[in-house]
Amino acid sequence: MKKLFVLFATLLVCSCMCFAEEATVDPAEGYWLSFDEKTKEVTAGWKIWVEDGKLFGTIMSTKGFPLDGKADGTKGKGPYSDFPQKGEMCEMTTVGTTWIYNLEKASDGNWSKGKIVDPSDGNRYKCKITFHVADGKKYAVDTLEMRGEIGMGIGRSQFWTKATAEEASALR
């Protein structure tokens, strides 16, 4: 009876640990709204997720572009050998293409060593993502700092705000 109890307890603990690992979601995962740095208007709704230990992102909706609109500005750019989707960049739709890809999680919890492609012009940049929890001071809401760099720390950051799936898909 004791052996049966120990076996049952072991199985219960193992199943709880497996469930806890699967239930862990990185704070960068989810739905986000990006903004134009100059006008401060929302430009796109994004879905960010982890797959096989790497971070990816796709545009779910954009302001001013049709859902099936091609990424025309990318003409003559790519295809990049490590890009997660095959084909000519200018034939890909702005919405639904994985523009952020292969970011790796660092020991500090941030994501780096991946890439982002600007769907408006097809330029590819090194990408870093830092999650900032809402603190009521500098960050009123949960925020993603999305940094694109051309190298040696030269680049720019955008600050995206947390959204629901409905908000991220509703831009037109």
Side-chain angles (χ1 to χ4, degrees), residues 24-65 69-85 89-90 92-165 167-171:
T24 303
V25 175
D26 190 90
E29 286 185 89
Y31 302 96
W32 300 90
L33 297 176
S34 61
F35 295 85
D36 181 283
E37 295 97 5
K38 294 176 184 162
T39 66
K40 306 295 185 215
E41 288 186 28
V42 175
T43 56
W46 290 80
K47 178 182 180 186
I48 305 290
W49 74 95
V50 175
E51 184 176 313
D52 297 328
K54 299 205 177 199
L55 195 73
F56 296 86
T58 188
I59 295 175
M60 296 182 66
S61 67
T62 62
K63 199 161 191 175
F65 292 97
K70 303 286 187 209
D72 291 331
T74 64
K75 226 176 218 57
K77 300 288 180 146
Y80 300 109
S81 61
D82 62 345
F83 197 71
Q85 292 172 236
M89 302 292 290
C90 62
M92 296 179 191
T93 57
T94 301
V95 173
T97 298
T98 303
W99 299 109
I100 299 169
Y101 60 98
N102 293 338
L103 277 76
E104 300 174 9
K105 192 164 191 174
S107 59
D108 63 3
N110 297 322
W111 294 88
S112 61
K113 298 184 182 176
K115 301 283 195 278
I116 185 168
V117 174
D118 183 340
S120 67
D121 62 16
N123 290 330
R124 182 174 67 164
Y125 304 93
K126 293 177 183 176
C127 184
K128 295 179 181 178
I129 293 179
T130 304
F131 174 78
H132 300 285
V133 69
D135 61 7
K137 297 174 186 162
K138 185 173 182 178
Y139 302 102
V141 297
D142 286 348
T143 303
L144 272 191
E145 181 178 352
M146 172 69 59
R147 183 158 180 81
E149 296 181 344
I150 57 174
M152 298 176 56
I154 300 169
R156 66 185 171 104
S157 292
Q158 288 186 341
F159 295 88
W160 298 2
T161 60
K162 192 76 170 160
T164 65
E167 292 168 328
S169 336
L171 300 176

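All values below were derived from every heavy atom in this structure, side-chain atoms included, with hydrogens, water molecules and symmetry-related copies excluded. Owing to the predicted nature of the structure, the values given are computational and were not obtained by experimental measurement. Numbers here are sequence positions counted from 1.
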Counting distance only, does the side-chain N/O of [X] pair as donor-acceptor with the main-chain N or O of [Y] below 3.5 Å?
X    : Y    : value
T97  : W99  : no
Q85  : T98  : yes
S34  : W160 : no
N102 : G114 : no

Name all residues meeting the ring-ring contact (aromatic ring centres under 6.0 Å, His included) criterion together with W32; count only those two or more places apart in sequence or in a different chain, and write none if there are none.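 Once residues adjacent in sequence are excluded, W32 has no partner under the ring-ring contact (aromatic ring centres under 6.0 Å, His included) criterion.
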Under the side-chain contact (heavy atoms from CB on, under 4.5 Å) test, residues paired with K47 that sit two or more places apart: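 So K47 forms a side-chain contact (heavy atoms from CB on, under 4.5 Å) with Y31, W49, T58, M60.
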Taking side-chain contact (heavy atoms from CB on, under 4.5 Å) as the test, write out the residues that go with E104, two or more places apart.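 Only K54, K113 meet the side-chain contact (heavy atoms from CB on, under 4.5 Å) criterion with E104.
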One thing to verify: whether D82 and R124 come together as a salt bridge, which I'm taking to mean a side-chain N less than 4.0 angstrom from a carboxylate O.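 D82 and R124: salt-bridged.
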May I ask you to say whether R147 pairs ionically with E149, meaning some side-chain N is under 4.0 Å from a carboxylate O?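 Looking at E149 together with R147, the answer is yes, because their closest N to O distance falls below 4.0 Å.
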Compare every heavy atom of [Y] with every heavy atom of [X], then report the nearest pair and how far apart it is.
X    : Y    : result
I100 : I129 : CG2-CD1, 4.4 Å
E51  : F56  : O-CE1, 3.7 Å
S112 : K128 : CB-CG, 3.9 Å
A44  : I59  : CB-CG2, 4.1 Å
S61  : A168 : OG-O, 2.6 Å

With sequence neighbours left out, which residue pairs that include part of residues 111-139 fulfil the ring pair (Phe, Tyr, Trp, His ring centres under 6.0 Å) condition?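 Matches after skipping sequence neighbours: H132-Y139.
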Taking the six-membered ring for Trp, are the ring centroids of F83 and Y101 within less than 6.0 Å of each other?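 Here the rings of Y101 and F83 have centres that are less than 6.0 Å from each other.
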For E29, what residues pass the salt bridge (Lys or Arg N to Asp or Glu O under 4.0 Å) criterion, not counting sequence neighbours?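 Checked E29 against salt bridge (Lys or Arg N to Asp or Glu O under 4.0 Å); zero matches.
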Identify, with sequence neighbours excluded, every residue that meets salt bridge (Lys or Arg N to Asp or Glu O under 4.0 Å) alongside K162.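 For K162, no residue satisfies salt bridge (Lys or Arg N to Asp or Glu O under 4.0 Å) once neighbours in sequence are set aside.
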Stepwise, does the side-chain contact (heavy atoms from CB on, under 4.5 Å) test hold for T74 with M92? CA-CA 9 Å; T74 64; M92 296 179 191; over 6 Å; no
So, N123 and K77: side-chain donor and acceptor under 3.5 Å apart, yes or no?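 Distance-only check passes for N123 and K77.
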In sequence, state the C-alpha distance, the side-chain angles, and the governing distance for C127 and M146, and then conclude on side-chain contact (heavy atoms from CB on, under 4.5 Å). CA-CA 7 Å; C127 184; M146 172 69 59; 3.4 Å; yes
